[in-house]
Amino acid sequence: QKEVEQNSGPLSVPEGAIASLNCTYSDRGSQSFFWYRQYSGKSPELIMSIYSNGDKEDGRFTAQLNKASQYVSLLIRDSQPSDSATYLCAVNRPYSSASKIIFGSGTRLSIRP
Amino acid sequence: EPEVTQTPSHQVTQMGQEVILRCVPISNHLYFYWYRQILGQKVEFLVSFYNNEISEKSEIFDDQFSVERPDGSNFTLKIRSTKLEDSAMYFCASSEGRGVDYEQYFGPGTRLTVT
């Protein structure tokens with residue numbers, strides 16, 4: 001079982017719609033969860049972090065965490081063409097002395113005009 | 001806004017050669033990391049570093065790899081004898097602290113090509 005699983009996509013969403021990205025993780029002791037955006041050939045850019053169950057909103061982005069289901073999601077409202085990228089779900093590895101994070105393989109999101 | 005910087009942006013080397021990848025973490029950050037991403041694959045943890053010593057390393061980080069903080073600003077990754085399979089993007093990251101609620105910020109990466 002993969003530690004962090006994401007649907008590879010591509011996920012195609014019309015401009016202005018809501019994009020919904022999902023992630024599951026295997027280690028129930030994981031404590032913090034991150035969404036990074038990665039444009040092709042570029043580095044991961046942190047867009048959201050979430051540590052407790054429920055929703056966290058930041059502008060057009062909402063992260064949702066359900067630890068009981070080991071599930072994290074990212075909603076992007078009013079999707080823009082500039083949101084087209086690969087979205088990486090990342091999980092803090094518990095019991096690690098220096099907060100190593102484990103990445104999923106990413107979901108490729110395409111916003112169509 | 002403070003950011004992590006990395007040099008060079010692209011390094012081409014021949015198999016068996018030594019390479020040093022350089023990073024300048026965000027100035028008030030204390031924890032430093034190297035990750036790599038082989039083309040088309042996911043980002044993988046290599047090593048974490050704090051207080052001038054390695055905190056944790058992955059299976060990938062074998063004896064061919066080493067890290068160093070030679071001065072107050074730079075953080076380096078050395079590969080002693082490069083192999084073809086070392087070709088990848090190498091990302092440096094830093095965080096202010098080590099607890100679970102400290103976020104890691106990534107540099108732009110160095111593309112290493114081993115021929």
Side-chain angles (χ1 to χ4, degrees), chain A residues 2-10 23 25-53 56 58 61 63 65 67 72 85-108, chain B residues 1-6 9-10 21 23 25-26 29-61 67 88-111:
Chain A
K2 293 181 184 176
E3 293 185 82
V4 181
E5 284 204 65
Q6 297 181 254
N7 189 321
S8 63
C23 170
Y25 58 94
S26 61
D27 194 324
R28 191 169 286 279
S30 300
Q31 298 176 35
S32 48
F33 308 87
F34 309 95
W35 283 99
Y36 285 83
R37 177 174 62 198
Q38 187 175 32
Y39 293 112
S40 181
K42 302 296 185 183
S43 64
E45 175 192 5
L46 181 67
I47 54 173
M48 289 288 287
S49 57
I50 187 166
Y51 307 107
S52 53
N53 280 329
K56 178 181 177 182
D58 183 2
F61 299 98
L65 173 61
K67 289 187 179 180
V72 195
T86 297
Y87 288 80
L88 309 178
C89 176
V91 175
N92 170 259
R93 182 67 177 267
Y95 325 121
S96 167
S97 62
S99 299
K100 172 177 71 176
I101 54 177
I102 306 297
F103 284 86
S105 299
T107 297
R108 193 154 51 93
Chain B
E1 186 175 324
E3 57 183 21
V4 177
T5 59
Q6 291 185 244
S9 57
H10 190 189
L21 310 183
C23 168
I26 294 172
H29 285 189
L30 300 176
Y31 293 82
F32 315 122
Y33 312 83
W34 285 101
Y35 292 81
R36 81 171 186 189
Q37 186 176 32
I38 295 171
L39 186 64
Q41 298 187 23
K42 62 182 176 181
V43 178
E44 300 174 289
F45 169 79
L46 291 179
V47 66
S48 57
F49 189 87
Y50 169 70
N51 199 27
N52 282 320
E53 61 182 27
I54 290 174
S55 296
E56 187 173 357
K57 58 184 181 180
S58 71
E59 296 171 352
I60 303 168
F61 195 89
V67 289
M89 283 289 286
Y90 287 81
F91 298 113
C92 175
S94 68
S95 65
E96 192 174 349
R98 76 173 189 189
V100 297
D101 53 350
Y102 285 102
E103 299 162 341
Q104 294 183 25
Y105 295 90
F106 282 66
T110 293
R111 179 174 300 282

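Reminder, nothing fancy here: chain letters follow the sequence lines and each chain counts from 1.
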Exercise. Determine the minimum heavy-atom distance between A/S43 and B/P108, stating which atoms define it.
Key: OG-CA, 3.7 Å
Exercise. Measure the OH-CZ distance between B/Y35 and A/F103 for me, rounded to the nearest 0.5 Å.
Key: 6.0 Å
Practice problem: Of all the heavy-atom pairs spanning B/E103 and A/Y51, show the shortest one and how long it is. | Solution: CG-OH, 3.6 Å
Quiz item: In Å and rounded to the nearest 0.5 Å, what is the NZ to CD distance from B/K42 to A/E3?
Solution: 6.5 Å
Quiz prompt | B/K57 atom NZ, neighbour heavy-atom count above 12 within 6.0 Å | solution = no
Quiz item: Measuring from A/K42:NZ to B/M89:CE, what's the distance to the nearest 0.5 Å?
Solution: 8.5 Å
Practice problem: Not counting sequence neighbours, which residues clear side chain to side chain contact (heavy atoms under 4.5 Å, CB included) with A/Q38? List them please. | Solution: A/P44, A/L88, B/Q37, B/F91
Quiz item: When rounded to the nearest 0.5 angstrom, what distance separates CG in A/L46 from OH in B/Y105?
Solution: 5.5 Å
